[in-house]
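The model shown is predicted, which means the values in this text are computed figures rather than measured ones. In what follows, every heavy atom counts, from backbone to side chain, and hydrogens, waters and symmetry copies are set aside.
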Amino acid sequence: MNQQALKQALINLPDNAKEPVVGNIFMPEFCKELGFDKLEVFPNYKTGNSKDAVDYSLRHNRDNSDIFINTGSNPRILIEIKGRDINLTEGTAQYKQTVNQIKRYLLSPKCKSVQWGIITNSQHIQLFRKHGKVVHPASTSLEIDANNINTIVQQIRQKIEHTPKALTVAIYNNKGGVGKTTTTVNLAAILTLLGKKVLAVDFDPNQKDLTNSLNCQTQKSTFFSLCEDKNNVVSIKDVIQSYKVEFRNPKKSLSFDIIPCDEIWGQKGEDEIRTLFKLDRLRQVLSKVKYHYDYILIDASPNWRFFSQSALLASDVVLIPTKHNDLSSLENAAKAIREFIPLIQKVKKDGSPIALPIFWNGEKIGEVAKTTAQKAIDNIINKDKSLLPYFYPRYTNTTKNRHIFEVPSNAYIATAVFSHIPAVYKYKIAYDYYLDLAKEYFLQ
């Protein structure tokens, strides 16, 4: 590596360098420092989405028969560059436009293998992680100069070269009774059925609904003892339990893993818990298995105390169930997006977690009820326009589409808990609902 060359390239850029100049002077050295040679960098890469072409696509060559510049197959990183006349400071209109641009490229047909996206104008740089359909920040928009460029690029390279397998999802609403546990259990079950390796975590000690619904029994090594352990005596493998279902026709078995919640968590008060554990303790524990699972789903507490804050701090994204006939669930979703999640982002300092759009969960919705709910949502959005894409993700000035994804009410889903079997494994209608949920939010 020639870190001096990258630093010098940045110094050599004119203050008003346009995009072609940034590309010619800065990008060759930048790609080298990321660990890619000329044959592994494909410029003006066609994404397969209409006429869209991203400035650069990168992937390491596998052998002499698979030279990326020749094949262009299975790209891993996309880089969109801008000139210094484009302001990539977070919150600016040009920044938002560029972020939407890289997200569109990342989700394009020829980019399904891509795991990372980068935007830069040689004054700012930001890294994005792509997991299936989910794109979330892996850094904030960082100011770069000759003094810090090498450090920042090495940090980006370190993340890219050690890509975690799992997407960690907190299922959260500050309002109880919106079906967080039902969502967690059935989402884990459907993802498992689709061949994904899943870990479900019960971090709601006041209710322990996930633990109880799957009939998990406390073991000698508990979740609490794992978090309390500072000498690496307790192994996370001893805490994780496997939930398995055997099917007769056709004969097969399916299993996903669980970290159940033990009694001692609920016996401790908020002040004592905060004395015993730092807020990022859950994140530290789960980091040990982020390379072993495709999805880690956290059933979070319906409050804004230690457990829910820890769950969000450990997550990449937040999935928010709501009910159309429960104004409190909508207002609490808005509060989580507007206040709680930004607080956690400030602690993490990498731009995550981000909120996924809300969805209606477990209630039958007629047109009259839907209209009433839309009026309530409109009132929420009128107070804060930034909430629009989280409530109406398909809404534009031209389409005015107020679509909200729904998991409709079904008695089978609610009663499946008594058999300790996820509804998706028992009923076709439940299977269809949660397959749609997985496709809507997670699967590309």
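Within the 6.0 Å centre-distance limit, the rings of F277 and F224 are counted as a close aromatic pair. Not less than 6.0 angstrom separates the ring centroid of H403 from the ring centroid of Y392. In this structure, the ring of F306 has its center no less than 6.0 angstrom from the ring center of W265.
Ring orientation note: the planes of H324 and W360 are nearly perpendicular, at an angle over 60° on the 30°/60° scale. By the 30° and 60° cut-offs, the orientation of the rings of Y45 relative to F42 is perpendicular.
The only option from T182, D202, D204, L297 that meets the side-chain contact (heavy atoms from CB on, under 4.5 Å) definition with L210 turns out to be D202. Residue D316 forms a salt bridge (charged side-chain N to carboxylate O under 4.0 Å, His left out) with just one option from K290, R283, R129, K130, and that option is K290. Of the residues I102, L34, L78, D55, the one that meets the side-chain contact (heavy atoms from CB on, under 4.5 Å) test with I118 is L34. Partner of H131 under the ring pair (Phe, Tyr, Trp, His ring centres under 6.0 Å) criterion, out of Y295, Y293, F442: Y295 alone. Partner of S308 under the side-chain contact (heavy atoms from CB on, under 4.5 Å) criterion, out of N173, L313, N303: N303 alone.
Listed here is the closest heavy atom pair of P422 and Y243: CD-OH, 3.2 Å. Summarising the geometry of L88 relative to Q94, their closest heavy-atom pair is CD2-O, 4.2 Å, with the distance given to 0.1 Å.
Here the CG atom belonging to N61 is positioned 7.5 Å from the OG1 atom belonging to T71, to the nearest 0.5 angstrom.
For D378 and R402, the salt-bridge test passes: some basic side-chain N is under 4.0 Å from an acidic carboxylate O. One finds a salt bridge joining R104 and D52 here, because a Lys/Arg side-chain nitrogen approaches an Asp/Glu carboxylate oxygen to under 4.0 Å. By the 4.0 Å N-to-carboxylate-O rule, R59 lies close enough to D66 to be salt-bridged with it. A salt bridge does not link E331 with K175: none of the charged nitrogens is closer than 4.0 Å to a carboxylate oxygen. Under a 4.0 Å N-O distance rule, the pair K38/E29 does not qualify as a salt bridge. Using a cut-off of 4.0 Å between Lys/Arg side-chain N and Asp/Glu carboxylate O, E80 and K82 are scored as salt-bridged.
Other residues, nucleotides and ligands place more than 12 heavy atoms under 6.0 Å from the NZ atom of K133. A 6.0 Å sphere centred on NZ of K165 holds more than 12 heavy atoms belonging to other residues, nucleotides or ligands. Heavy atoms from other residues, nucleotides or ligands lying under 6.0 Å from CG of D63 number more than 12. More than 12 heavy-atom neighbours from other residues, nucleotides or ligands sit within 6.0 angstrom of NZ on K288. Annotation for E263: atom CD does not count as buried by contact number, only 12 or fewer foreign heavy atoms lying within 6.0 Å. Atom CZ of R305 has 12 or fewer heavy atoms from other residues, nucleotides or ligands within 6.0 Å.
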Applying salt bridge (Lys or Arg N to Asp or Glu O under 4.0 Å), run through K335 and D384 and close with a yes or a no.
CA-CA 11 Å; K335 190 169 186 177; D384 186 348; over 6 Å; no

Apply salt bridge (Lys or Arg N to Asp or Glu O under 4.0 Å) to the pair K268 and E228, showing each step before the final yes or no.
CA-CA 13 Å; K268 305 288 184 183; E228 192 179 36; over 6 Å; no

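With 3.5 Å as the limit, one finds a donor-acceptor pair spanning the side chains of K348 and S352. Defined by atom type and a distance below 3.5 Å, a donor-acceptor pair is present between the side-chain atoms of Q8 and N12.
The shortest distance between side-chain heavy atoms of N121 and H124 falls below 4.5 Å. Annotation: side chain of I341 is in contact with side chain of L312 (closest heavy-atom distance under 4.5 Å). When side chains are defined from C-beta on, N150 counts as touching L6, because their heavy atoms get closer than 4.5 Å. You'll find the side chain of Q126 stays beyond 4.5 Å of the side chain of L142, heavy atoms only. Considering only heavy atoms from C-beta on, L194 comes within 4.5 Å of L443 through its side chain.
Counting only distance, with no hydrogens or angles, the side chain of Q115 and the backbone of I77 share no donor-acceptor pair below 3.5 Å. With hydrogens and angles disregarded, no donor-acceptor distance shorter than 3.5 Å links the side chain of S221 to the backbone of V239.
Listed by chain and residue number, nothing satisfies the side-chain hydrogen bond (donor to acceptor under 3.5 Å, both in side chains) test with Y56 (two or more places apart in sequence, or in another chain).
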